[in-house]
Amino acid sequence: MFRIKSPQDLGAAAVFMAIGLAGIYFGHDLTFGTAARMGPGYFPVILSWIIVAIGVIVGIKALTIEGPGIEPIQLRPILIIILAILAFGYLIDRAGLAITAVLLTVLAAFARRDVNLVEAILLGVCLAIFAVVVFVYGLSQPFSAWWGR
Amino acid sequence: MEFDLIQNLATGFGAAATLKNLGFAFLGCLLGTLIGVLPGIGPIPTIAMLLPITFGLDPLSSLVMLAGIYYGAQYGGSTTSILVNIPGEAASIVTTIDGHEMAKQGRAGAALGVAALGSFFAGCVGTVFIAAFGPPLAAVAQQFNSPDYFSLMVLGLVTAVILAHGSVIKAVGMVLVGLLLGLVGTDVNSGLTRYTFGVSAIWDRIDFVPLVIGLFGIVEIIRNLEQTTLPRPQLRARMRELWPSRQDIASSWPAVLRGTGLGSLLGILPGGGPVLAAFASYTLEKKVAKDPTRFGKGAIEGVAGPEAANNAAAQTSFIPLLTLGLPSNAIMALMMGAMIIQGIQPGAAVMTNRPDLFWGMVASMWIGNLMLLVINLPLIGIWVRLLSVPYRLLYPAILLFCVIGIYSTNTSSAELVLCAVFAVFGYILLRFGCEPAPLVLGFILGPLMEENLRRSLVISRGDPMVFIERPISAILLATTVVVVFALIVLPQFRRTRKEAFQE
């Protein structure tokens, strides 16, 4: 029926519409109020409707105007980096900055295909020393260098 | 008036020239140069990473340092553009065209010298610009009421979108999504929480630091990792002498003047800033040149103009933030975030309530520019050697500093989950051709816009005509309409916009 002429725009349209519809749906419980007495739902719900409208316009554009395709997504970098961030969040309270920094560095090294484990561990140790000296002792940031404190 | 200016600047230099603030200015400039030189990390994630560290500093020191990073990056970016054809920073992309060509001809020293001196000159003029235009603009801003502020933000966001990179309609969508995200959390007026889904980390509001680091810092790392072959620097340039010849100076000073003027103006515009200024200046130099074919083959004007322009714009883009409280690009949104964290609401009141802060920052910019000249010219060799650090050693370090920055905002692991969510979100949006910068502008302005809309409509008892009846607001809205109209109707404007962003 329709031919997708710009996959990028179609994706963007879907994201906008999803966000807009979510904004309207979850804004339902908030009091809307009137213009003179704006409730907490007034501005966000109006915004959400405009976002949906933008989504529709971008969607129409996707079906009528040629545009670039979506570059293939490589799973390895994004998965490993996200995992590393979450691992840091999980470990930092439990293991302290020194160990967490080494583990983060080693884990992050796996985001590339050719992993040099020795190099990654060495780098991790250097970065951990630097981070502990600068952030824990130098800037007295709220970190403990080691576990249990 | 002139006496005022001198006295104000004296206040500023008094505040900025303390040993502590000089130290922070130096640190900022050094860091700025470093990230300007290194491709793969720009000023936005760096400033975001350092925001939590600035919590403990006094406001002036933290702003002096953050500003130093911003304009320091403009200097550092040009060095690698010229020597190894890798723009360390978006605003230096055009510098590669003629700058690297000059380096290949053995004139790297001249190009570097002209870039640094041109930047210094432009930085000085930019600083004077802020000092001269800040107070009158702030005086205007003091006449502003809620409806005027609302209209100002509409104008600011619309022009920011039009001058931004990429599709206009998608940028509008991103601004709106940003506004909506800015409203998540507790509504100050009713005390109710909105869109929090019971997650306590966003009970108050979504924190700025994980959002920005996720959208810019982390996404940038992932994108770099996806490229199988990262550009390898090859230093082929021979450096005979650092100083440009008399003939080089003769042919580049008019370009520096034009670049400075253009950059100063484009910096003030919402959505403007160093990147736009550099591109526009290059186009202008090509147009006014007697022999445009020299461009791309090592024309010194093609280095002098854009380098002056990007530095001038970096300075003057502080004007709307400091006088009107309106951030004109993503970096200014970060500076605004830094000020709010320090308990300072940016705007005209800063100048009257905290003159030391305003003038201290202005003075520090001039001092910083002088420092940059010293950091850059004699130490170029060291900066270039940094480039040989391979990315596989660099990105784990960048990642580590990002997560440390996020964690220290609130000492909470939930912020890291938030950052991961925004990284995935930003990555998907980028795949769909949506730039994250407009979202950040919307995010920081969301609560302000709602508050001013609410107040305006309370005053007018719900009548939207209030935005047209007040003269200041009417003028701002009329300007907005003209800008949008120009974009839709004038095909020539559209074409120029397209050309300006072509690399």
Side-chain angles (χ1 to χ4, degrees), chain A residues 8-9 11-12 15-16 19 23 26-27 30-31 34-44 47-48 50-51 54-55 57-58 61 67-68 70-71 73-74 77-78 81-82 84-86 88-90 92-93 97 101 104-105 108-109 111-112 119-120 123-124 127 131 135 139-143, chain B residues 52-53 56 167 169-170 172-173 176-177 179-180 183 187 189-190 192 194-195 197 218 221-226 392-393 395-397 399-404 406-408 411 413-417 419-420 423-424 427-429 431-434 446 449-450 453-454 457-458 460-464:
Chain A
Q8 277 198 4
D9 283 353
V15 172
F16 288 144
I19 292 173
F26 293 108
L30 303 164
T31 324
T34 60
R37 299 192 54 149
M38 278 167 54
Y42 190 90
F43 195 50
L47 275 179
S48 302
I50 307 176
I51 294 172
I54 299 277
I57 297 171
V58 177
K61 212 180 135 211
I70 300 168
E71 282 174 57
I73 292 174
Q74 296 175 30
I78 186 163
I81 296 294
I82 296 298
I85 296 170
L86 296 177
F88 183 91
Y90 180 79
I92 185 72
D93 291 334
L97 182 59
L104 174 93
T105 314
R112 293 172 73 254
E119 184 188 83
L123 177 68
L127 286 176
F135 292 98
L139 295 162
S140 20
Q141 289 290 298
F143 288 100
Chain B
I53 295 171
S167 150
I169 183 80
K170 284 194 266 187
V172 174
L176 293 164
V177 171
L179 287 170
L180 191 62
L183 299 177
D187 171 31
N189 227 47
S190 62
L192 292 171
R194 299 186 282 194
Y195 304 113
F197 307 105
I218 307 295
I221 293 177
I222 295 170
R223 268 175 65 195
N224 284 331
L225 286 173
E226 284 187 343
R392 68 169 195 281
L393 299 181
Y395 80 88
L399 183 67
L400 180 66
F401 296 136
C402 282
V403 289
I404 288 178
I406 296 165
Y407 181 78
S408 44
T411 328
S413 298
E415 306 275 315
L416 290 156
V417 179
C419 166
V424 174
Y427 179 82
I428 292 171
L429 283 169
R431 273 288 182 273
F432 294 157
C434 300
M449 225 171 156
E450 183 185 33
L453 177 67
R454 189 197 318 266
L457 291 176
V458 167
S460 73
R461 302 208 178 93
D463 183 4

[options]: which one forms the most heavy-atom pairs within less than 4.5 Å of chain A?
options: B/R461, B/R194, B/E415; result: B/R194
options: B/L400, B/V172, B/I218, B/V458; result: B/L400
options: B/L399, B/L192, B/N189; result: B/L399
options: B/I404, B/V177, B/D187; result: B/I404
options: B/A397, B/A423, B/C434; result: B/A397

Part of [X] lying under 4.5 Å from any heavy atom of chain B:
X: A/I78; answer: both
X: A/F88; answer: both
X: A/L30; answer: side chain

Side chain, backbone, both or neither: which part of B/L183 has a non-hydrogen atom closer than 4.5 Å to chain A?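 Looking at B/L183, just its side chain touches chain A.
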Examine whether an atom of B/S190 lies under 4.5 Å from a heavy atom of chain A, and if so say whether it belongs to the side chain, the backbone or both; otherwise answer neither. side chain
Salt bridge (charged side-chain N to carboxylate O under 4.0 Å, His left out) against A/R112, all qualifying residues, sequence neighbours excluded: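 A/R112 satisfies salt bridge (charged side-chain N to carboxylate O under 4.0 Å, His left out) with A/D114 only.
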Aromatic plane relationship, A/F135 with B/F401 - under 30° parallel, 30 to 60° tilted, over 60° perpendicular: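 The rings of B/F401 and A/F135 sit tilted, inter-plane angle from 30° to 60°.
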